[in-house]
Amino acid sequence: MAIRSIVYFPSKILRQTSEEIKDIDKNINQLAVDMIETMQEYNGVGLAAVQIGVPLRMFILDKAAENEQVECDPMIVINPKIIWSSSGLSTYNEGCLSVPEMYEEVQRPAQINMQYYTLENKLEEIKLDSLLATCAQHELDHLNGILFFDHLSKIKKNRLINKFLKRTKL
Ligand code: CO
């Protein structure tokens, strides 16, 4: 078990499309354990494999993100597909462990149905809403090389990127 280091923007790997996982083997199990430890260490509510430098289609979500009583309830999501999204939208102030300390409001479908494989290689379908729906869409974007600020207007996006790059140069 190990806490891995986070890949930060503007690393090129974050713009890569992650590959489907063909075999859910020992290495994938180990990767899941490391991702959970890393997410907890950095207090995230979600983490995509590519954010620790492994461009495979897998992410984790903390199902307890909205529950202050439970510390962490990680859900491992492999080869996910969104099979339905609501026309109703919701807005959250999003951030990303790969773009630390930058937040901006992003609008996304309020509810989704997602199909994915578990670590036990079982195909599951889940309906998500509110914060978890937003998180799942944010993490799935990572698998396609998309970052949360790509959903903003050009002006807001450039402002955020410039602010972040200026800060990391200090
Ligand atoms: Co992110």
Side-chain angles (χ1 to χ4, degrees), residues 2-21 28 31-67 71-82 85 89-112 114-117 126 128-154 156-168:
I3 292 163
R4 308 267 201 113
S5 42
I6 300 273
V7 173
Y8 297 110
F9 179 78
S11 168
K12 280 202 177 92
I13 195 172
L14 293 172
R15 291 308 197 179
Q16 237 174 276
T17 301
S18 293
E19 277 182 38
E20 292 266 317
I21 293 174
I28 297 298
L31 179 62
V33 171
D34 288 356
M35 284 171 68
I36 291 165
E37 290 207 339
T38 306
M39 181 176 76
Q40 287 177 312
E41 173 72 16
Y42 288 88
N43 288 315
V45 287
L47 183 74
V50 69
Q51 291 183 275
I52 56 166
V54 183
L56 293 175
R57 300 190 79 80
M58 169 162 148
F59 66 77
I60 56 172
L61 284 185
D62 180 9
K63 282 197 291 175
E66 284 179 306
N67 182 350
E71 227 166 58
C72 185
D73 181 12
M75 170 179 161
I76 291 123
V77 175
I78 296 170
N79 296 338
K81 277 191 184 78
I82 291 176
S85 7
L89 304 174
S90 65
T91 304
Y92 273 95
N93 200 29
E94 290 189 29
C96 180
L97 293 179
S98 294
V99 198
E101 288 168 57
M102 304 304 295
Y103 300 91
E104 197 57 69
E105 292 203 327
V106 179
Q107 219 180 26
R108 301 181 186 267
Q111 283 138 11
I112 59 165
M114 180 175 72
Q115 231 173 41
Y116 65 100
Y117 284 88
I126 191 172
L128 298 170
D129 58 21
S130 57
L131 180 61
L132 286 180
T134 284
C135 285
Q137 292 172 82
H138 175 121
E139 300 310 330
L140 212 149
D141 271 355
H142 274 301
L143 309 189
N144 296 320
I146 298 166
L147 295 164
F148 74 102
F149 52 64
D150 295 329
H151 294 281
L152 304 173
S153 69
K154 223 177 177 171
K156 278 191 176 173
K157 173 177 169 174
N158 287 336
R159 200 168 55 199
L160 187 148
I161 290 174
N162 289 334
K163 203 170 150 189
F164 179 73
L165 293 179
K166 218 183 271 170
R167 182 184 298 164
T168 53

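Counting starts at 1 for both ligands and their atoms, in listed order. Since the structure is predicted, the reported quantities are computational estimates derived from the model, not experimental observations.
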ask   = Around atom OH of Y117, are there more than 12 heavy atoms of other residues, nucleotides or ligands at under 6.0 Å?
value =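 Counting other residues, nucleotides and ligands, OH of Y117 stays at 12 neighbours or fewer.
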
request  = Count the heavy atoms belonging to other residues, nucleotides or ligands that lie under 6.0 Å from CD of Q107, then report whether that count exceeds 12.
outcome  =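 More than 12 within 6.0 Å, yes.
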
task = Please list, chain by chain and in numerical order, all residues satisfying ring-ring contact (aromatic ring centres under 6.0 Å, His included) with F9, sequence neighbours excluded.
result =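 F9 satisfies ring-ring contact (aromatic ring centres under 6.0 Å, His included) with F149 once adjacent residues are dropped.
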
inquiry  = Any heavy-atom pair between the side chains of E41 and E37 that's under 4.5 Å?
reply    =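 No, too far: nothing below the 4.5 Å cut-off.
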
ask   = Taking the Co ion (ligand 1) as the center, what protein N, O or S atoms are found at less than 2.8 Å?
value =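 C96 SG, H138 NE2, H142 NE2, with waters left out.
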
Donor-acceptor under 3.5 Å (T168 side chain, L165 main chain) =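 Confirmed, T168 side chain pairs with L165 backbone.
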
request  = State, without any angle test, whether Q51 and S98 hold a side-chain donor-acceptor pair at a distance under 3.5 Å.
outcome  =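 A pair is found: one side chain offers a donor N or O, the other an acceptor, under 3.5 Å apart.
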
